[in-house]
Enquirer: 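Once you've had a glance at the structure underneath, I'll fire off some questions.
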Amino acid sequence: MSKSNGKGSIGKMRRHPLLEAVDSPQDLKRLPSGDLPRLADELRDFLIETVSRTGGHLAAGLGVVELTIALHYVFDTPDDRLVWDVGHQAYPHKILTGRRGRMGTLRQKGGLSGFPRREESEYDTFGTGHSSTSIGAALGMAAAAKQQRVRRHVVAVIGDAAMSAGMAFEALNHAGALDLDILVVLNDNDMSISPPVGAFSNHLARVLSGKLYTTMREGGKSALSRLPNLSELVGRWEEHMKGMVMPGTLFEELGFNYIGPVDGHDLETLVTTLDNMKTMRGPRLLHVVTKKGKGYRHAETDPCFYHGVTPFDPATGKMEKKAAGSPTYTQIFSDWLCDAARSDERLVGITPAMREGSGLVRFSQEFPERYFDVSIAEQHAVTFAAGVACEGGKPVVAIYSSFLQRAYDQLIHDVALQNLDVTFAVDRAGQVGADGATHAGSFDLSYARALPNMVIMAPADEDECRKMLQTAFEYPGPALVRYPRGSGPGVKVSSALDTLPIGKGDLIRAGSGVALLAFGSLVSRALEVGDRVNATVANMRFVKPLDRELILQLADSHDLLVTLEENVVQGGAGSAVNEYLVSLMHPVKLLNLGLPDHFIEHASCDEQLREAGLDVEAIVRSVTAAQYNKTQLKSGNQG
């Protein structure tokens, strides 16, 4: 891989002599093992310097520096497969696999992704961004290797938080049944399931992974297999003895040979243990304990705050201050949730491990008995909410658009089918900038609009967002409010708990010839376009139910209707307008503008919308061209 493409390269940094000699894992393997701790120091220093300039995920990567070095030192990547979970912690992996010189382009348009991507490097064996996929993907790779008669090691690295998700346990259960050669590294950086780690634990790991213990263990099982009663007794004794001194009994029951816990910052122990485990067969699990933010005082003190950072001063840890502006939509939701909870004691707040991101910190502090973080378990979050609603509660599920995708069956089967009173506050709808395609909320209008009983709203501004949340909460059935990342146009927000009439839009600009039917975040751009081409502009507000009366009024009085939405065109709000007018056989010309039929990669939100043809200039061009197009029905993105 090229060390730099010349764009965004890192300059004027401290020298890192060992690190600068490592452009691939092959270079890493040439280093004496005694040099690895110094390499770890240089890698950690380089990571802090580069991320301080670009922003990105910091604390998670700092915590796995030694583990990343050890994995690439022991295994023959990329022939051996290394699968990272989520990918927040993969920056050290990128640096050691030929991308050190391009770290200055991180999360920028045309630059390195903030997550592992197969298109980016042969060392990125599985693309990710959402949690708990690593074990299942690695297991599939191990099964394929066995079928192809290829001998290779497959390693999945998963955090203790991601291990809480159902997908991870489904894969663990399957792995134990298949008896394939797979190593799962459980990176425990919260100490939540770990006893204290010290010299004894490290020594125990070396012993349990060593050849002598393995030979005796397997040899003993073979010798005792002819004596079933004694074999069962010895097996139980071994199991209970190990369970008394380490938290591995669960994994052993699932069919894994559990080793650990070990100090994830002790390179000598990591390399020795991984070398030993490399010779073992079948499902294995290595439990390592690391410190999130390791080596950077500010991140160690507050790993949550330094999980994802904007550019910052490495010396002080202070991040660049953004210019004061209007509150974010997330903050609007946070304030509304607390106000609504004070007004109605039936309100329950639910999140799948996104307390900070979804704006529930204040709610969790003011209403702890009504706050539920279900961990990384989106499916369970939705079904749990359905259960609360069955008993007369008023659950509000705060969730990212791209994460709600993971609970689609529960949305259908457990909520919509039973017409239960669940409010969905769907954050990060539309493009999300540097996190890229894995986190973009491009599909929620399409996948939710198909569901009976569902009310769907998209606010044009902050005040409308608050009113829509209250409208959804008071509606006695499933209702969804989708709002974008970041701030709105800066409209003053009322403190009242007001509602909107369901299914009614708002005509906000009168024009002639062309009518722009805008949904949610694109209303402000529609107004700019309207001023440019003298078009009528309607803030549609509701995707389901549509304001059919308004649509028909505009269709009867204009030559061209243009729908605007920050969702894919296929099946989205524009499609809903099409379906209604086609059912009437109305002759008005239609143009649907939305996200295109391809994934938009990481860039700024403005760059992403420009690529989608949803900036003001592109919309004006599309509208002008459509006015002179004789086609009676024109559907699809025109960017």
Side-chain angles (χ1 to χ4, degrees), residues 430 445-446 449 456-461 464 468 489 491 500-596 609 612-639:
L445 292 185
S446 300
R449 190 175 72 80
I456 304 171
M457 294 167 264
D461 57 50
E464 200 165 77
M468 286 183 175
V491 172
L500 296 171
I502 290 179
K504 291 297 180 182
D506 185 23
L507 198 59
I508 55 178
R509 187 190 190 281
S512 64
V514 178
L516 306 177
L517 283 64
F519 294 84
S521 60
L522 295 184
V523 170
S524 59
R525 296 191 182 207
L527 280 171
E528 292 186 56
V529 174
D531 291 340
R532 294 271 294 272
V533 300
N534 190 28
T536 296
V537 179
N539 171 14
M540 296 304 296
R541 289 179 171 166
F542 288 82
V543 178
K544 187 175 185 178
L546 285 170
D547 189 340
R548 293 188 171 191
E549 182 180 341
L550 178 57
I551 293 170
L552 186 57
Q553 173 191 330
L554 296 174
D556 286 341
S557 57
H558 294 78
D559 300 320
L560 172 67
L561 299 190
V562 181
T563 62
L564 295 166
E565 63 189 300
E566 200 172 336
N567 186 86
V568 292
V569 170
Q570 294 89 335
S575 292
V577 174
N578 293 355
E579 292 159 12
Y580 171 57
L581 291 173
V582 167
S583 73
L584 301 178
M585 300 186 68
H586 200 289
V588 69
K589 290 167 59 176
L590 290 164
L591 173 65
N592 301 138
L593 297 180
L595 300 178
L609 291 176
L614 294 176
D615 60 301
V616 171
E617 294 297 330
I619 295 171
V620 169
R621 288 194 300 269
S622 297
V623 170
T624 302
Q627 285 180 283
Y628 298 99
N629 189 330
K630 294 182 180 180
T631 303
Q632 292 300 303
L633 182 64
K634 188 70 175 178
S635 177
N637 181 274
Q638 300 299 302

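Keep in mind it's a predicted model, so treat the numbers as computed, not measured. Only this structure's heavy atoms are used, side chains among them; waters, hydrogens and symmetry mates stay out.
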Enquirer: Would you say Ser524's side chain and Ala460's backbone share a donor-acceptor pair under 3.5 angstrom?
Expert: no
Enquirer: Atom CG of Asp506 and atom CG of Asn539: how far apart are they, to the nearest 0.5 Å?
Expert: 6.0 Å
Enquirer: The criterion is side-chain hydrogen bond (donor to acceptor under 3.5 Å, both in side chains); which residues satisfy it with Gln627, sequence neighbours excluded?
Expert: none
Enquirer: Holding to side-chain contact (heavy atoms from CB on, under 4.5 Å), I want the full list of residues that pass it with Glu528, two or more places apart in sequence or in another chain.
Expert: Val616
Enquirer: Taking only residues two or more places apart in sequence, or in another chain, which ones meet Arg532 in a salt bridge (Lys or Arg N to Asp or Glu O under 4.0 Å)?
Expert: Glu617
Enquirer: Kindly compute the distance separating CG (Asn534) from OG (Ser512), expressed to the nearest 0.5 Å.
Expert: 4.5 Å
Enquirer: Could you point out which residue of Val533, Val529, Val623 forms a side-chain contact (heavy atoms from CB on, under 4.5 Å) with Val562?
Expert: Val623
Enquirer: Are Met540 and Ile551 close enough that some pair of their side-chain heavy atoms sits under 4.5 Å apart?
Expert: yes
Enquirer: Around atom CD of Glu549, are there more than 12 heavy atoms from other residues, nucleotides or ligands closer than 6.0 Å?
Expert: no
Enquirer: What distance do Leu581 atom CG and Leu590 atom CG have between them, rounded to the nearest 0.5 Å?
Expert: 5.5 Å
Enquirer: Which heavy atom in Val568 sits nearest to a heavy atom in Ser446, and how many Å separate them?
Expert: CG2-OG, 3.5 Å
Enquirer: Restricting to side-chain contact (heavy atoms from CB on, under 4.5 Å), what partner residues turn up for Ala515, sequence neighbours left out?
Expert: Leu517, Thr536, Leu554, His558, Leu561
Enquirer: Report the residue from Asn578, Leu584, Val577 that forms a side-chain contact (heavy atoms from CB on, under 4.5 Å) with Tyr580.
Expert: Leu584
Enquirer: Check Ala626 against Leu591 and note the closest heavy-atom contact, atom names and distance.
Expert: CB-CD2, 3.8 Å
Enquirer: To the nearest 0.5 Å, what is the distance between CG (Asp461) and CE (Met468)?
Expert: 8.5 Å
Enquirer: Mind listing the closest non-hydrogen atom pair of Asp559 and Val588 along with its distance?
Expert: O-CG2, 3.7 Å
Enquirer: Under the side-chain contact (heavy atoms from CB on, under 4.5 Å) rule, collect the residues that match up with Asp531, sequence neighbours excluded.
Expert: Arg509
Enquirer: For Ala612 versus Leu595, what's the shortest heavy-atom pair and its separation?
Expert: CB-CD2, 3.9 Å
Enquirer: Indicate the atoms forming the closest heavy-atom contact of Ala538 with Leu550, along with that distance.
Expert: CB-CD2, 4.1 Å
Enquirer: What pair of heavy atoms forms the shortest contact from Leu522 to Glu566, and how long is it?
Expert: CD1-N, 3.8 Å
Enquirer: Holding to side-chain contact (heavy atoms from CB on, under 4.5 Å), I want the full list of residues that pass it with Ala573, two or more places apart in sequence or in another chain.
Expert: Leu445, Phe519, Val543, Glu565
Enquirer: Under the criterion side-chain contact (heavy atoms from CB on, under 4.5 Å), I'd like the reasoning laid out for His586 against Asp556: C-alpha separation, chi angles, the key distance, then a yes or no.
Expert: CA-CA 9 Å; His586 200 289; Asp556 286 341; 2.7 Å; yes
Enquirer: Considering only heavy atoms from C-beta outward, does the side chain of Asp547 approach that of Phe542 to under 4.5 Å?
Expert: no
Enquirer: Is it the case that the side chain of Arg525 and the backbone of Leu614 share a donor-acceptor pair, with hydrogens and angles ignored and the cut-off at 3.5 Å?
Expert: yes
Enquirer: Check whether any side-chain heavy atom of Glu464 lies under 4.5 Å from a side-chain heavy atom of Met457, and answer yes or no.
Expert: no
Enquirer: When rounded to the nearest 0.5 angstrom, what is the spacing between OG in Ser557 and CG in Leu552?
Expert: 9.0 Å
